[in-house]
Amino acid sequence: METPSRTNGRLTAFGKQLVQVHDWLRKELALLHDDLGSVAEGRAERLRDLRAHCLTFCSALTRHHTGEDGGAFLVLADKFPELRPSLEELAHDHGVMTGIIERLEELVAGVGPGSTQDEILDVQRELDGLTAIMETHFRYEEKRIVEVLNSLDMPEWQEAKPSFLLKSH
């Protein structure tokens, strides 16, 4: 499919923007893994980084998925009805990840200087589970919807970037 352009010359490559957001979320998740590793090694000064990155990452991932479920997926289901089963699967994954995110936030909030290796291991297990489902989810989503997102001409998404395409720095 050819990517349409706007009159201002800016390409409407929403699918490419989606991949950029996914890549940013992957990097944030890697930072979270690094922070947890440092805390597990006894570097208590990294505890603040772990908590800050957890909040940043978890809120960004939640905002991304909420924006997809409440906006992008509705548009895609309307314009491309053949995608509805895939969109339903993706929305189901969002629900699974929401549960993991909630557990992860709770576990990270409980980590402190006196945390046991078991407590750190509990965080690591949730983080590993989130990493696995998120990566599988992103690859499937990119395979199924990037091309159709690139084909959309949505002036309202150009004027105000929808939440599923936002990154936090």
Side-chain angles (χ1 to χ4, degrees), residues 13-40 46-78 80 83-112 115 119-146 148-150 152 154 156-169:
F14 297 118
K16 291 178 183 176
Q17 291 178 40
L18 176 75
V19 172
Q20 290 172 349
V21 170
H22 286 176
D23 288 345
W24 178 80
L25 287 165
R26 287 173 174 115
K27 287 176 188 171
E28 288 298 310
L29 186 58
L31 285 174
L32 196 51
H33 276 282
D34 290 346
D35 292 337
L36 181 61
S38 294
V39 170
R46 293 292 300 272
L47 183 58
R48 180 182 225 175
D49 293 338
L50 173 66
R51 289 183 177 155
H53 284 144
C54 184
L55 288 174
T56 298
F57 171 78
C58 291
S59 67
L61 185 60
T62 298
R63 182 185 62 238
H64 173 70
H65 288 160
T66 301
E68 286 178 332
D69 291 340
F73 288 1
L74 299 175
V75 169
L76 292 175
D78 183 51
F80 303 95
L83 285 178
R84 286 182 184 149
S86 296
L87 298 171
E88 289 171 6
E89 285 181 48
L90 291 167
H92 177 265
D93 287 353
H94 293 168
V96 172
M97 283 187 268
T98 295
I100 295 172
I101 288 168
E102 289 170 356
R103 289 188 300 277
L104 182 61
E105 288 175 321
E106 184 178 308
L107 290 169
V108 166
V111 171
S115 290
E119 291 169 319
I120 299 290
L121 190 56
D122 288 341
V123 175
Q124 186 65 56
R125 284 185 191 118
E126 290 298 328
L127 199 52
D128 289 346
L130 182 59
T131 300
I133 192 170
M134 189 184 88
E135 189 54 43
T136 301
H137 172 86
F138 282 176
R139 281 194 311 256
Y140 180 71
E141 186 173 69
E142 289 166 4
K143 180 181 173 185
R144 297 295 297 149
I145 70 171
V146 164
V148 295
L149 279 172
N150 281 341
L152 292 179
M154 302 289 293
E156 61 273 24
W157 289 5
Q158 294 290 355
E159 293 167 13
K161 193 176 275 195
S163 61
F164 80 99
L165 293 177
L166 296 176
K167 294 187 280 188
S168 299
H169 294 290

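Below, each value reflects all heavy atoms present in this structure, side chains not excepted, and no hydrogens, waters or symmetry copies.
- Looking at every heavy atom in both residues, C58 comes nearest to E105 through CB-OE2, 3.3 Å.
- Distance CG/L76 to CG/L149: 5.0 Å, rounded to 0.5 Å.
- Between E28 and L32, the closest side-chain pair of non-hydrogen atoms is not below 4.5 Å.
- K167 places none of its side-chain heavy atoms less than 4.5 Å from the side chain of H64.
- Proximity of D23 to Q20: side-chain heavy atoms (C-beta onward) are nowhere separated by under 4.5 Å.
- Taking the side chain as every heavy atom from C-beta outward, E68 and L18 approach each other to under 4.5 Å.
- With a 4.5 Å cut-off on side-chain heavy atoms, L25 and F138 count as touching.
- Atoms CG and CD1, from L87 and I145 in turn, are 6.5 Å apart once rounded to the nearest 0.5 Å.
- The pair E89-K143 fails the salt-bridge criterion, with no side-chain N (NZ, NE, NH1 or NH2) lying under 4.0 Å from an Asp/Glu carboxylate O.
- Closest of all the heavy-atom pairs between G67 and F164 is C-CB, 3.8 Å.
- Checked by atom type and distance alone, the side chain of R46 never pairs as donor or acceptor with a backbone atom of V39 at under 3.5 Å.
- For R48, the CZ atom is loosely surrounded, since the number of other residues' heavy atoms within 6.0 Å does not exceed 12.
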E126/L130 under side-chain contact (heavy atoms from CB on, under 4.5 Å): CA gap, chis, key distance, verdict: CA-CA 6 Å; E126 290 298 328; L130 182 59; over 6 Å; no
Test salt bridge (charged side-chain N to carboxylate O under 4.0 Å, His left out) applied to D122 and R125, step by step: CA-CA 5 Å; D122 288 341; R125 284 185 191 118; 3.1 Å; yes
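- With values rounded to the nearest 0.5 angstrom, T131 atom OG1 is found 4.0 Å from L29 atom CG.
- When L107, L127, L104 are each tested for a side-chain contact (heavy atoms from CB on, under 4.5 Å) with C54, only one passes: L104.
- Using a distance-only test at 3.5 Å, with no hydrogens or angles considered, a donor-acceptor pair links the side chain of S115 to the main chain of G112.
- Two residues are said to be in side-chain contact when any heavy atoms from C-beta on lie closer than 4.5 Å; H33 and Q124 meet this criterion.
- Checked against a 6.0 Å centroid threshold, the rings of F73 and H94 count as neighbours.
- No side-chain heavy atom of L36 sits under 4.5 Å from any side-chain heavy atom of V111.
- Considering M97, R139, H22 in turn, M97 is the only one that fulfils the side-chain contact (heavy atoms from CB on, under 4.5 Å) rule with M134.
- With contacts defined as side-chain heavy-atom distances shorter than 4.5 Å, the pair L50/V108 qualifies.
- In this structure, D49 and D35 approach most closely via the heavy-atom pair O-OD2, 3.3 Å.
- Side chain of N150 to backbone of K16: a donor-acceptor contact under 3.5 angstrom is found.
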Stepwise salt bridge (charged side-chain N to carboxylate O under 4.0 Å, His left out) test for R84 and E88: CA-CA 6 Å; R84 286 182 184 149; E88 289 171 6; over 6 Å; no
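- When ring centroids are compared, H65 and H137 come within the 6.0 Å threshold.
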